[in-house]
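All figures in this text were calculated on a predicted structure; none of them were measured in a lab.
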Amino acid sequence: MALLPILCYPDPKLHTVAKPITAFDDRLKILVADMLETMYDAKGIGLAATQVDVHERLIVIDVSEERDQPMVLINPELVWTSPATHLNEEGCLSVPGIYDGVERFDAVHCKAQDLSGQARVIEADALLAVCIQHEMDHLLGKVFVEYLSPLKRNRIKSKMIKARREDAR
């Protein structure tokens with residue numbers, strides 16, 4: 001297993017739309033293992049393949065307290081969303097140190113495949129529902145800051161660019 005570099009906003013590669021996965025092979029198993037290791041190392045609860053510059057429809061999630069219940073969602077799609085929504089404070093491994101409110105569905109049903117290609121439906125609410133929606137946005141090339149006002153988004157973009165310049169020194 002290996003730690004993968006996480007793309008940081010405003011990297012244009014974060015806006016790439018991911019392609020469906022068709023091969024459920026050893027390469028995919030290695031990618032999933034590397035993504036889980038990267039997510040746990042970065043203290044995240046979710047990671048989309050887009051964030052590690054792999055533009056395939058794959059997300060890994062672990063919202064458990066003990067960090068021992070990893071979920072792998074391949075080719076995820078929302079098949080149901082609750083009528084109710086709420087404002088949730090979100091952060092992102094691609095936008096480190098930034099948190100803000102995003103409106104999300106309270107509950108979702110997500111159809112996805114597992115590592116062997118078997119389809120299943122995950123019924124999620126609370127933090128898991130928010131995490132699934134957040135990570136699926138990455139697969140569509142969308143970062144959570146794009147839900148914010150243009151003023152906030154531009155401030156965050158400037159802050160991230162400045163931080164990257166300082167890290168490069």
Side-chain angles (χ1 to χ4, degrees), residues 6-22 24 32 35-36 38-40 42-52 54-157 160:
I6 298 172
L7 298 175
C8 281
Y9 182 79
D11 191 312
K13 291 181 256 179
L14 287 169
H15 298 295
T16 305
V17 176
K19 293 184 174 16
I21 291 173
T22 56
F24 295 82
V32 165
M35 285 177 60
L36 284 166
T38 301
M39 177 188 73
Y40 288 130
K43 310 284 189 268
I45 60 170
L47 185 67
T50 302
Q51 293 176 272
V52 294
V54 176
H55 304 286
E56 298 176 16
R57 295 190 54 77
L58 165 65
I59 59 179
V60 296
I61 294 173
D62 189 344
V63 296
S64 68
E65 289 287 324
E66 299 79 24
R67 315 293 287 134
D68 62 354
Q69 296 174 36
M71 296 178 73
V72 177
L73 304 179
I74 299 168
N75 300 322
E77 59 182 281
L78 294 182
V79 293
W80 176 84
T81 57
S82 66
T85 63
H86 70 282
L87 194 64
N88 187 71
E89 186 84 358
E90 291 187 27
C92 181
L93 295 177
S94 291
V95 194
I98 304 294
Y99 300 88
D100 213 316
V102 177
E103 194 83 17
R104 299 282 187 190
F105 295 108
D106 286 349
V108 297
H109 294 177
C110 177
K111 181 179 166 189
Q113 292 167 283
D114 63 18
L115 264 174
S116 64
Q118 286 294 112
R120 60 188 182 137
V121 175
I122 295 99
E123 296 181 6
D125 61 6
L127 182 58
L128 179 57
V130 170
C131 191
I132 288 171
Q133 292 169 80
H134 176 106
E135 299 308 331
M136 285 183 68
D137 275 352
H138 281 297
L139 301 181
L140 298 172
K142 190 168 189 175
V143 181
F144 91 98
V145 297
E146 292 168 44
Y147 287 101
L148 308 178
S149 71
L151 178 64
K152 277 187 178 180
R153 196 168 45 248
N154 286 333
R155 282 185 183 156
I156 292 167
K157 190 178 199 175
M160 299 303 295

Next item on the list: Determine, step by step, whether Arg153 and Asp100 satisfy the salt bridge (charged side-chain N to carboxylate O under 4.0 Å, His left out) criterion, reporting the C-alpha distance in whole Å, the side-chain angles of both residues, the deciding distance to 0.1 Å, and the verdict.
Entry: CA-CA 11 Å; Arg153 196 168 45 248; Asp100 213 316; over 6 Å; no

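- Among residues two or more places apart in sequence or in another chain, the ring-ring contact (aromatic ring centres under 6.0 Å, His included) test is passed with His86 by none.
- Of all non-hydrogen atoms in Ser94 and Gln51, the two that sit nearest each other are OG-NE2, 3.0 Å.
- Using a 4.5 Å cut-off on side-chain heavy atoms (C-beta onward), Met39 and Pro70 make no contact.
- For the pair Met136/Arg57, a side-chain contact is recorded, criterion being any heavy-atom separation below 4.5 Å from C-beta on.
- Counting all heavy atoms, side chain and backbone alike, Cys131 lies closest to Val63 at CB-CG1, 4.2 Å.
- Taking CD1 from Ile98 and CD1 from Ile156, the interatomic distance works out to 5.0 Å, rounded to the nearest 0.5 Å.
- Taking both residues in full, the closest heavy atoms of Leu87 and Gly101 are given as CD1-C, 3.6 Å, listed atom of the first, atom of the second, then distance.
- Leu128 CG to Gln133 CD: the interatomic distance, rounded to the nearest 0.5 Å, is 10.0 Å.
- In this structure, Leu58 CG and Lys19 NZ are separated by 15.5 Å, a value rounded to the nearest 0.5 Å.
- Other residues, nucleotides and ligands contribute at most 12 non-hydrogen atoms within 6.0 Å of the CD atom of Glu65.
- For the pair Arg67 and Ile45, the minimum side-chain heavy-atom distance is below 4.5 Å.
- In this structure, the side chains of Val102 and Asn88 stay at 4.5 Å or more apart for every pair of heavy atoms.
- Across Glu89, Glu135, Glu90, a single residue satisfies salt bridge (Lys or Arg N to Asp or Glu O under 4.0 Å) together with Arg104, and that is Glu90.
- The heavy-atom pair separating Cys8 from Pro96 by the smallest distance is SG-CD, 4.1 Å.
- Of all heavy-atom pairs spanning Leu14 and Leu7, the tightest one is CD2-CB, 3.9 Å.
- With sequence neighbours excluded, the residues forming a side-chain contact (heavy atoms from CB on, under 4.5 Å) with Leu151 are Ser149, Arg155, listed by chain and number.
- Counting heavy atoms from C-beta on, the side chains of Phe144 and Asp137 never come closer than 4.5 Å.
- Formation of a donor-acceptor pair under 3.5 Å by the Ser82 side chain with backbone atoms of Asp106 is found in this model.
- More than 12 heavy atoms of other shown residues, nucleotides or ligands fall within 6.0 angstrom of atom NZ in Lys142.
- Here the shortest heavy-atom pairing between Thr16 and Thr50 reads O-CG2, 4.1 Å.
- Under a 3.5 Å cut-off, the side chain of His15 and the backbone N or O of Gly141 do form a donor-acceptor pair.
- Between the side chain of Asp62 and the backbone N or O of Gln69 there is at least one donor-acceptor pair closer than 3.5 Å.
- With contacts defined as side-chain heavy-atom distances shorter than 4.5 Å, the pair Leu78/Ile132 qualifies.
- The CD1 atom of Ile74 sits 5.0 Å away from the CZ atom of Phe24 when rounded to the nearest 0.5 Å.
- In this structure, Lys152 forms no cation-pi arrangement with Tyr147, as its terminal cationic atom is not both closer than 6.0 Å to the ring centre and no more than 45° off the ring axis.
- Separation of atoms CG (Leu47) and OH (Tyr40) is listed at 11.5 Å; rounding is to 0.5 Å.
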